[in-house]
Amino acid sequence: MKIAIMGAMPEEIAPILEKIGEYTTTKYAHNTYYEGKYAGHDLVIAYSKIGKVFSTLTAASLIEKFGAQMLLFSGVAGGINPELRIGDLIVATALCQHDLDITAFGHPHGYVPEGSQFIQAEEKLIAVANRVAKEMDITLKEGIIATGDQFVHSQDRKNWIETTFKADALEMEGTSVAVVCEALEVPFLILRAISDVADMDASFNFDEFLESSAQESAVFILKILEKI
Ligand code: SAH
């Protein structure tokens with residue numbers, strides 16, 4: 001099976017590329033796509049650049065152009081749930097867009113007609129992730145991830161996202177990737193390691209912990225590949 005591994009930033013896919021060692025590169029639509037092998041799987045790997053638009057383009061390209069039959073996202077996120085500390089892992093059970101707003105027409109936040117407020121994640125892959133966490137003896141949180149085209153660094157915005165969507169973590173790509181995968185019927189997993197807690201200090205924490213948290217997430221994704 002051909003599996004896509006996707007991140008938003010170079011730091012998020014670097015540990016995966018390092019681990020697989022040998023790969024070919026293809027330039028397509030202003031991105032680089034890396035193809036190699038790991039644990040008996042053909043892989044196509046890319047980082048999209050930050051945000052919902054770029055991640056939509058990359059997820060669709062990974063599937064439609066490079067033939068990925070499954071997509072695993074590895075990256076970092078801001079924590080909302082106080083149980084999540086920097087470096088902890090969360091896998092999305094459902095995802096939503098916190099900045100999608102046509103509430104003026106009476107719709108709930110995150111909803112547009114013919115869409116849905118939440119995208120449900122793939123239970124089978126979450127079960128695999130839980131098995132991996134058990135084997136590695138680490139805590140993996142399951143929860144709702146909220147996505148938006150904003151780096152959240154305010155307690156007020158964070159509280160609003162928590163109250164509105166019951167979200168446990170937030171980031172800038174997960175839901176757009178999930179929308180693409182669900183529409184194209186490709187199983188997906190969105191995994192994130194916490195880099196900051198989306199408060200006043202978020203940008204400083206992010207800069208300090210991006211690399212180590214991206215590494216945590218990537219190591220976990222590699223273990224998942226060994227189990228699929
Ligand atoms: N340091 C970058 C900007 C990072 S934007 C630069 O200067 O170019 C934050 C990235 O990490 C996004 O890809 C997003 O998915 C994730 N992320 C981590 N913490 C976040 C937060 N508090 N709010 C939104 N996204 C966050």
Side-chain angles (χ1 to χ4, degrees), residues 4-16 30-32 45-59 61-62 71-92 94-101 109-110 119 121 141 143-181 188-218 220-221:
I5 312 287
M6 181 176 164
M9 297 171 284
E11 293 84 352
E12 292 171 328
I13 64 160
I16 312 252
H30 301 318
N31 261 356
T32 305
I45 304 161
Y47 76 89
S48 57
K49 300 186 279 291
I50 293 161
K52 291 192 291 182
V53 174
F54 285 129
S55 55
T56 300
L57 171 63
T58 301
S61 301
L62 283 163
L71 189 152
L72 309 177
F73 190 102
S74 179
V76 300
I80 299 178
N81 188 318
E83 283 173 23
L84 285 169
R85 304 280 176 85
I86 289 173
D88 287 353
L89 291 169
I90 175 165
V91 64
L95 301 104
C96 59
Q97 297 184 63
H98 67 73
D99 60 348
L100 182 57
D101 183 350
H109 283 280
I119 304 284
K141 180 141 192 74
I144 295 176
I145 293 187
T147 303
D149 282 328
Q150 301 165 348
F151 182 80
V152 177
H153 58 117
S154 109
Q155 195 64 46
D156 284 353
R157 181 71 189 161
K158 177 177 151 173
N159 289 347
W160 182 85
I161 293 170
E162 212 242 317
T163 322
T164 310
F165 301 100
K166 307 271 168 283
D168 296 287
L170 55 88
E171 35 82 311
M172 302 177 69
E173 300 84 15
T175 310
S176 33
V177 172
V179 167
V180 169
C181 291
F188 66 94
L189 181 90
I190 310 289
L191 179 79
R192 297 274 183 172
I194 302 302
S195 54
D196 58 85
V197 293
D199 61 2
M200 257 171 58
D201 296 325
S203 59
F204 307 106
N205 289 335
F206 176 91
D207 283 342
E208 189 177 345
F209 296 107
L210 165 62
E211 234 170 90
S212 56
S213 293
Q215 173 84 21
E216 294 284 336
S217 178
F220 196 88
I221 288 285

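Hydrogens, waters and symmetry mates play no part in the numbers below; they use all other heavy atoms, side chains included. Just so you know, residue 1 is the first one in the sequence shown, and it goes up from there. Atoms within a ligand are numbered from 1 in the order they appear, just like the ligands themselves.
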Counting from 1 in the order shown, the ligand 1 atoms closer than 4.0 Å to a non-hydrogen atom of Ser195 are 18 (C), 19 (N)
*Is there a protein heavy atom at a distance of less than 4.0 Å from atom 3 (C) of ligand 1?*
yes
In ligand 1, the atoms that come under 4.0 Å of a heavy atom of Ala8 are 13 (O)
* Asked: Touching ligand 1 at all, His153? Heavy atoms, strictly under 4.0 Å?
  -> no
I want to know if ligand 1 touches Asp196 in the polar sense, i.e. an N/O pair below 3.5 angstrom. yes
Test item: Glu173 side-chain N/O and Gly51 main-chain N/O as donor-acceptor pair under 3.5 Å
yes
| So, Ser217 side chain and Ser74 main chain: donor-acceptor pair closer than 3.5 Å or not? | no
Contact region, Gln150 to ligand 1, non-hydrogen atoms below 4.0 Å, reads backbone
ask   = Sub-3.5 Å donor-acceptor pair from the side chain of Ser213 to the main-chain atoms of Ile194, do we have one?
value = yes
Going by the 4.0 angstrom heavy-atom rule, the piece of Ile50 near ligand 1 is side chain
Point to revise | Under 3.5 Å donor-acceptor, Asp196 side chain and Phe204 backbone | key: no
| said: Looking at Thr58 and Ser55, would you say the former's side chain and the latter's main chain have a donor-acceptor pair under 3.5 Å? | reply: no
Q.
I'd like to know if Ala77 contacts ligand 1, where contact means a heavy-atom distance under 4.0 Å to any ligand atom.
A. yes
d(Lys49 NZ, Met172 CE) to nearest 0.5 Å is 14.0 Å
Ligand 1 to Leu170, heavy atom cutoff 4.0 Å, flagged ligand atoms 21 (C), 22 (N), 23 (N), 24 (C)
Within the 4.0 Å heavy-atom cut-off, what Glu11 brings close to ligand 1 is neither
Is any N or O atom of Val152, backbone or side chain, closer than 3.5 Å to an N or O atom of ligand 1? yes
query: Would one find an N or O of Met172, backbone or side chain, under 3.5 Å from an N or O of ligand 1?
result: yes
d(Glu12 CD, Leu210 CG) to nearest 0.5 Å is 6.5 Å
Here the atoms of ligand 1 under 4.0 Å from any heavy atom belonging to Glu171 are 15 (O), 25 (N)
Smallest heavy-atom separation, Phe209 atom then Ser195 atom, equals CB-O, 3.7 Å
For Ile80 and Glu162 the tightest heavy-atom approach is CG2-CG, 3.2 Å
Would you confirm whether any non-hydrogen atom of the protein falls under 4.0 Å from atom 19 (N) of ligand 1? yes
Give a yes or no on whether the backbone of Val197 and the side-chain of Lys158 come within a donor-acceptor separation of less than 3.5 Å. yes
Closest to atom 13 (O) of ligand 1 (heavy atoms only, candidates Lys158, His98, Glu173) is Glu173
Is the backbone N or O of Ile144 less than 3.5 Å from a side-chain atom of Asp168, with the two atoms forming a donor-acceptor pair by type?
-> yes
For atom 1 (N) of ligand 1, the closest protein heavy atom turns out to be Phe206 CE2, 3.1 Å
the protein heavy atom lying closest to atom 16 (C) of ligand 1 turns out to be Val76 O, 3.4 Å
